[in-house]
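Reading through the structure tokens given below for one structure.
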Amino acid sequence: GLASGATFPVGTTTNAFRVTDAVGNSTTCSFNVNVSDIQLPTITCPANVTGNNDPGLCSKLVTFTAPTGTDNCPSATTTQTAGLASGATFPVGSTTNTFRVTAANGATATCSFNVTVTDNQAPTISCPANISVNATTGLCAAAVTYTAPVGTDNCSGSTTAQTSGLASGATFPVGSTTNTFTVTAANGQTASCNF
């Protein structure tokens, strides 16, 4: 065992003593010193991370310093229990990253931080070229077909709608009709074109 006043490790230490008299007779006794680790480990996460999407993508590559928990006793381990690893591609929106440190005594502590990616990219749309036709014989109009444009965006969920003019295949009156199409992205941004 260890002497009185020594620093005893966590666990059980047996202290044994022997007394021997002048003629060599001896006897022993022992007792245990039990030290329990009741201290919780600690872990501190980095601050929340915010940023805009990478151009043309509905995500952003994000790096951060992963936290490492500490404990008064050795052999504590830290694991990520939610979210994405540093260097991963984080989607638009908020991702919560959670880390847990587990001490040798089984006690745990956790911390979390958010990675928020904002989609600030506007959608795009391209209309066909202007169309010129002659009126149908006997009519003051002409049926015209065209390929309706469909807008695109870096994130899914965009919708395209015709906001003025006539649909493809409709009978267009003599004169100029402006056809306008608007794409609305999932983030609410819009873009328009006309012909």
Side-chain angles (χ1 to χ4, degrees), residues 42-69 78-101 108-195:
T42 59
I43 189 169
T44 303
C45 278
N48 292 334
V49 178
T50 59
N52 293 324
N53 65 291
D54 291 333
L57 300 176
C58 194
S59 58
K60 180 178 180 63
L61 190 145
V62 177
T63 60
F64 55 84
T65 301
T68 299
T78 302
T79 56
Q80 185 170 4
T81 59
L84 298 172
S86 176
T89 301
F90 284 73
V92 165
S94 184
T95 301
T96 300
N97 297 285
T98 303
F99 290 81
R100 175 187 293 122
V101 55
T108 63
T110 60
C111 69
S112 299
F113 68 99
N114 293 325
V115 174
T116 303
V117 178
T118 301
D119 176 20
N120 71 338
Q121 187 169 330
T124 59
I125 190 169
S126 179
C127 278
N130 292 335
I131 300 172
S132 295
V133 297
N134 293 323
T136 302
T137 302
L139 297 176
C140 195
V144 178
T145 60
Y146 58 84
T147 301
V150 176
T152 59
D153 189 55
N154 57 305
C155 290
S156 61
S158 62
T159 58
T160 303
Q162 186 170 7
T163 55
S164 71
L166 298 172
S168 176
T171 300
F172 285 73
V174 167
S176 181
T177 301
T178 300
N179 297 283
T180 303
F181 290 81
T182 299
V183 55
T184 303
N187 65 0
Q189 291 184 317
T190 62
S192 298
C193 70
N194 59 65
F195 66 100

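Numbers here are sequence positions counted from 1.
Phe172 has its side chain out of reach of Ile131: every pair of non-hydrogen atoms, C-beta onward, lies at least 4.5 Å apart. Asn114 places a side-chain heavy atom less than 4.5 Å from the side chain of Ser94. Contact annotation: the side chain of Thr78 approaches that of Ile43 to within less than 4.5 Å [non-hydrogen atoms, C-beta and beyond]. Looking at Cys58 and Pro91, their side chains never come closer than 4.5 Å, going by heavy atoms from C-beta outward. Two residues are said to be in side-chain contact when any heavy atoms from C-beta on lie closer than 4.5 Å; Ser126 and Pro149 fail this criterion.
When all heavy atoms of Ser168 and Thr145 are compared, the closest pair comes out as OG-CA, 3.3 Å. Of all the heavy atoms in Thr98 and Ser112, the pair that sits closest is OG1-OG, 2.9 Å. In plain terms, the two heavy atoms of Gln162 and Ala167 that are nearest each other are OE1-CA, 3.6 Å. Minimum interatomic distance between Asp153 and Asp119 (heavy atoms only, all atoms of both residues): OD2-OD2, 3.8 Å. When every heavy atom of Pro67 is checked against every heavy atom of Pro46, the shortest pair comes out as CD-CD, 4.1 Å. Nearest heavy atoms, Gln80 versus Asn97: NE2-OD1, 3.2 Å.
Considering NZ of Lys60 and OG1 of Thr89, their distance stands at 10.5 Å, rounded to 0.5 Å. The SG atom of Cys127 sits 8.0 Å away from atom CG of Asn179, with the distance rounded to the nearest 0.5 Å. Here OG1 of Thr160 is found 9.0 Å from CZ of Phe181. Values are rounded to the nearest 0.5 Å. Atom-to-atom distance recorded for Leu84:CG and Thr96:OG1 is 10.5 Å, nearest 0.5 angstrom.
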Criterion side chain to side chain contact (heavy atoms under 4.5 Å, CB included) on Thr63 and Leu61, from CA distance to verdict = CA-CA 7 Å; Thr63 60; Leu61 190 145; 4.1 Å; yes
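Side chain of Asn130 to backbone of Phe195: no donor-acceptor contact under 3.5 angstrom is found. Counting only distance, with no hydrogens or angles, the side chain of Thr177 and the backbone of Gly165 share no donor-acceptor pair below 3.5 Å. The closest donor-acceptor contact from the side chain of Ser158 to the backbone of Ala185 lies at 3.5 Å or more, if one exists at all. With hydrogens and angles disregarded, a donor-acceptor distance shorter than 3.5 Å links the side chain of Asn154 to the backbone of Leu57. Of the possible polar contacts, none joining the Asn48 side chain to the Phe113 backbone as a donor-acceptor pair under 3.5 Å is found.
Checking each of Asn187, Asp54, Asn53 against Gln121 for a side-chain hydrogen bond (donor to acceptor under 3.5 Å, both in side chains) leaves exactly one that passes, namely Asn53. Each of Thr182, Thr180, Asn194 was evaluated against Ser164; a single residue qualifies, Thr180, per the side-chain hydrogen bond (donor to acceptor under 3.5 Å, both in side chains) test.
Side-chain contact of Thr184 with Thr190: a donor-acceptor pair under 3.5 Å is absent, judged by distance alone.
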